[in-house]
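The structure appears right after this line, and notes come after that.
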Protein chains: 4
Amino acid sequence: MIKVGIVGGTGYTGVELLRILSTHPQVQLTAITSRKEDGMPVADMFPSLRGRVNLAFSSPDNAKLTECDVVFFATPHGVAMAQARELLAAGVKVIDLAADFRLQDIDAFEKWYKMPHGCPDLLKEAAYGLVELNREAIKKARIVGNPGCYPTTMQLGFAPLLKAGVIDATHLIADCKSGVSGAGRKAEVATLFSEAGDNFKAYGVSGHRHLPETLERLSDMAKGKVGLIFTPHLTPMIRGMHSTLYARLTTEVDNAGLQKLYEDMYANEPFVDVMPFGSHPETRSTRASNMLRIALHRPDNGDTVVVLVVQDNLVKGASGQAVQCMNLMFGLDETTGLMHVPVLP
Amino acid sequence: MIKVGIVGGTGYTGVELLRILSTHPQVQLTAITSRKEDGMPVADMFPSLRGRVNLAFSSPDNAKLTECDVVFFATPHGVAMAQARELLAAGVKVIDLAADFRLQDIDAFEKWYKMPHGCPDLLKEAAYGLVELNREAIKKARIVGNPGCYPTTMQLGFAPLLKAGVIDATHLIADCKSGVSGAGRKAEVATLFSEAGDNFKAYGVSGHRHLPETLERLSDMAKGKVGLIFTPHLTPMIRGMHSTLYARLTTEVDNAGLQKLYEDMYANEPFVDVMPFGSHPETRSTRASNMLRIALHRPDNGDTVVVLVVQDNLVKGASGQAVQCMNLMFGLDETTGLMHVPVLP
Amino acid sequence: MIKVGIVGGTGYTGVELLRILSTHPQVQLTAITSRKEDGMPVADMFPSLRGRVNLAFSSPDNAKLTECDVVFFATPHGVAMAQARELLAAGVKVIDLAADFRLQDIDAFEKWYKMPHGCPDLLKEAAYGLVELNREAIKKARIVGNPGCYPTTMQLGFAPLLKAGVIDATHLIADCKSGVSGAGRKAEVATLFSEAGDNFKAYGVSGHRHLPETLERLSDMAKGKVGLIFTPHLTPMIRGMHSTLYARLTTEVDNAGLQKLYEDMYANEPFVDVMPFGSHPETRSTRASNMLRIALHRPDNGDTVVVLVVQDNLVKGASGQAVQCMNLMFGLDETTGLMHVPVLP
Amino acid sequence: MIKVGIVGGTGYTGVELLRILSTHPQVQLTAITSRKEDGMPVADMFPSLRGRVNLAFSSPDNAKLTECDVVFFATPHGVAMAQARELLAAGVKVIDLAADFRLQDIDAFEKWYKMPHGCPDLLKEAAYGLVELNREAIKKARIVGNPGCYPTTMQLGFAPLLKAGVIDATHLIADCKSGVSGAGRKAEVATLFSEAGDNFKAYGVSGHRHLPETLERLSDMAKGKVGLIFTPHLTPMIRGMHSTLYARLTTEVDNAGLQKLYEDMYANEPFVDVMPFGSHPETRSTRASNMLRIALHRPDNGDTVVVLVVQDNLVKGASGQAVQCMNLMFGLDETTGLMHVPVLP
């Protein structure tokens, strides 16, 4: 059994880790920390876990995290980098769901996250946790930087086109829509039910923290600098993310050829579903599961390809992906404990 | 492996059966019928099942239902009673999610459902599928009438008080609120998003079909005629049911004593959670799981007990409960394939 | 023109006052205070008011409230009582949307609101602002305590029965459901979209602040002590309130007679709509309007009357009602500026 | 007073016309037709109108539409064209909210709407009802083809850029999100609460009927053939539309210059609000009002302009715009009866 610790278990990625890990056949939940809720049974905060998770929150100081095999950080940016070194020294693997180990470009990190990076050496060895694009590195990693939710959809959606070199990589557009849970479980006016409900808006159009991470990765794929317009929107639903991606073909490829690029790349992927050409995937078709679905369109047979990508932002976009990484890091079948069927309706 | 057939797989209880049964370790999905969608892959209608359910709908005429071990009817009232005899004759067990085998009082059935009952003899042998109150009969049954969603909450909520004989059974009140999925997957104006969204209303206050079923069962518990005001309401959420029950004490019992009645009755029940006295259970704490939660209140220490009951109307209120019955009918552990952790948020 | 000041304009009752008053033909919006947002144009916080309200928030210290004809307090409990005396002395009328002037029983106020009452003498002269039940007093008042949202529905719903003396007033039940905006525009986890959405729960079952206010008023009507079980619930909609009231008849009245009690009492009321016997009013039929609708039921012709009451909690339940009071206090037609047609869908 | 008839008053654009027209100071509602609901009081179908609209639906055959001054068609495509000639002959003006008089290109109409056009001569004289771009023609028109909801946002959003000739008009992208009421009040599975709620999806990516109308108009502005990728999405909210438009600059214009293009064009428009550069308009800031708001962005100061446009799809996107046209056609101030303040929250 893998002994698992979770730092910061009171947010949405934390409770989603608990939902997934509490039925994972190879995991023993060992410690969940929260400075503020020290001593409170986890199931008192999240009654959905009554009878299923018997741990109490413990103070980060007392939690015996070094006795775990792996620790997940479901914390704000900056926490994991402060604690990773000690854990690694004790032989504990680290999976950070925040941004501390996502960006290899430290300047970009410091610019966008407005804090110095505490351990550039560890960053260098960290693996980026987007399994489908980085599986081998993750298997061997001690530290994983779990991708952002938006970047997961943008990378998996653009990858086949970029790797094939058939689009103009300097003018990509990603029009992305997220459910409100992506904003986290923080007391804020903007995400109140009466503010975010029955309402739709863009935000961060002039710059969002998921942009540099995505640019870094897409540029790797394109083997050159990529230009990307990224427009996130807040959607009145709890879970779910829908990214609508636009790219212009620079090489003539017919529709069957486009479809084949995707089917070939994701042929053996258990969590990426390439739907028939011209499909309209719904976010709910992935709800509470680790699936991500993709469909291609080519309006009027012109030179613009439209790629539709859906996932559950808390699962494939966060906690499920993190568990997928854990499975690889411990030599398990990648799908272990992750085969939830999406909840519909 | 239990070979399972589903008649009428295109509604919400049908797709929920598929979600649950597709990961049930002892089940082999064998046939799913829909006259209208004959030949269509199930996953084309419900993309959430892509890669997880590979069956296609078949016409009821051709589906080899008699080769199944058990057939679930997720159909309108009247269908199961027409087909049950033939299936039973072939040794197939029957679980009906509609009302055909719920009411022992045939007159009441014919009055409320406005159709003659096709097989009164089978009705007599049918077991009412509310496991916690009828477990032994279900184990031995060939036919189970799965309870309605509202009746499940009302019976489990009132049972400890009625069986203890401490309340006035002639004046019970059940103020119940259901998510919209309870109305089914039928094209109707009243349940459109733009009609049912951001809106709340009562319906059927002067009479709802779940009333006679509940009265029959509560009267059995009370060993006498019960009086019940039942007010159903439509709530702008997809899944979830919250019943607020009111009863007046006729015997002095203190709060600890009330709580003990519930804890004793449900002590060993895997799917009934008695929360601490004075709790406020949320519907989402049961979302997509087979759990039902109960909490007791006694305002101002007066003679009125308020019982709060929550469940997912599609799981414990329908398809999950049906699978719980199936497990018992086939000698399996009752929880097999039903230990989903509720999805929160 | 009536010069109007609003203290505390950043919450939902504040912005709703602004929506209503900005098109009121007899009102000149003169001052809106917010200590925190001093200097910020109101329309920067609420873009719905761009081009319609040109005021900026001003600090309470500098706002020339004493130059107004009337000041609305859309503030937390305790603020109005601290400022009322000075305003009244300057000849300014006061309408408080919080609880400072609702309860005549000072002990009850201090018990439920956990603060001493600052001006018992003013409380004595304050009129309770439920127009349909207290119109004459409001016309002459200098101070109005605007009713709570729940109490408005409970009082207008029970009044005809209580005044006619046909029910058992010692065992009333009010099962009430509110939209989330009733909780205000405060940053809190419990009312986040991802917490309150797709979810239903009771709260405050063991005691809610709207109980003593309601008991005081119902007891007046009943000319004797009333017993009331009041169960508030949080509903996943933004606006709207639905109260389901239960009472037992002590005198034989037939359905037509019951209906007549309501139609007679509310015959000339512009904002109370008695629907046909057996109707199911929807909250959205009052959305963004000052209407309150009532319908009666009598299940199985027994001795229990079920009264369904709907309103928009922010309008008839708060800001609309306050403007209705203002109209009366200044000798205007009661409906001036309040004839918005409900927004459906 | 203008005598108004409405053909097809049972859908959302119909009830929205009733909401607006019932308080319009110059309108006398004269006839509302529905073959199916002949004789039913309008307020029985829409209780929001109780006491405000006293008409009953009448059969189209009996409704004395020729006695009206203007008739609105809130009907499916094809109805207005069948009845317009007779009405015009009787001196009645016609405003069609469907597509019969939107497209000047008859081939395009017949291709996209799959029906022959019944009166090409009338089409030729019809004015396209997008007031801000076609005011003078509307003033003189006997027939108005009211624009589609999506086309309204796309035209008003792209117009300043196209007219200034500063963008590449051959590669425009419009990523549009609509509330569910845009799909109308038809009984359909796809727009049930339990299907469209908590869910997000694109639809019609390979071709939507609003495309040819938009192309025709944008090409006029650009004085040349325009290329447009138009991706509509269904959003889990009742009302509201958010269009995110992308265009590439071909001429260097700085941000102030871009902003000035919009502010100049819409300086005197009562229903178009150009927000400060870099704003993020919310759909709810226009809810239940005739306002449309626009904001500009230019990510990373590159060559892509992002234009955000919001409106209420049922008001500026449909019925409000139609009343705005009526006002012009009858020489009234354009804003008469249309100055509703948006409902927030």
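Proteins come first, then strands; the chains are lettered A, B, ... in the order of their sequence lines, and each starts at number 1. These numbers come from a predicted model, not from an experiment.
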Completion exercise
Distance col, row Ser279(B):OG vs Asp44(A):CG, nearest 0.5 angstrom, shows 9.0 Å
Exercise for the section: Calculate, to the nearest 0.5 Å, the distance between atoms OG and CG belonging to Ser181(A) and Leu344(B) respectively. Expected result: 10.5 Å
Fill in the blank from the handout: Shortest non-hydrogen pair, Ser48(B) vs Pro342(A), comes out as O-CD, 3.2 Å
Which atoms of [X] are under 4.5 Å from chain A, going by heavy atoms: the side chain, the backbone, both sets, or neither?
X: Thr23(B); result: side chain
X: Leu314(B); result: side chain
X: Ile238(B); result: side chain

Practice task
Heavy atoms only, distances under 4.5 angstrom: which of Met291(B), Arg293(B), Arg284(B), Arg287(B) has the most pairs with chain A? Name it, please.
Solution key: Arg293(B)
Handout entry: Pick from Arg19(B), Arg50(B), Glu16(B) with the largest number of heavy-atom pairs that fall under 4.5 Å of chain A
Key = Arg50(B)
Problem - N/O donor-acceptor pair under 3.5 Å between Arg52(B) side chain and Met339(A) backbone - result: yes
Exercise for the section: Take His340(A) and His340(B) through the side chain to side chain contact (heavy atoms under 4.5 Å, CB included) test and state the conclusion after the steps. Expected result: CA-CA 9 Å; His340(A) 310 84; His340(B) 311 85; over 6 Å; no
Exercise for the section: Could you tell me whether the side chain of Pro345(B) reaches within less than 4.5 Å of the side chain of Val15(A), counting heavy atoms only? Expected result: yes
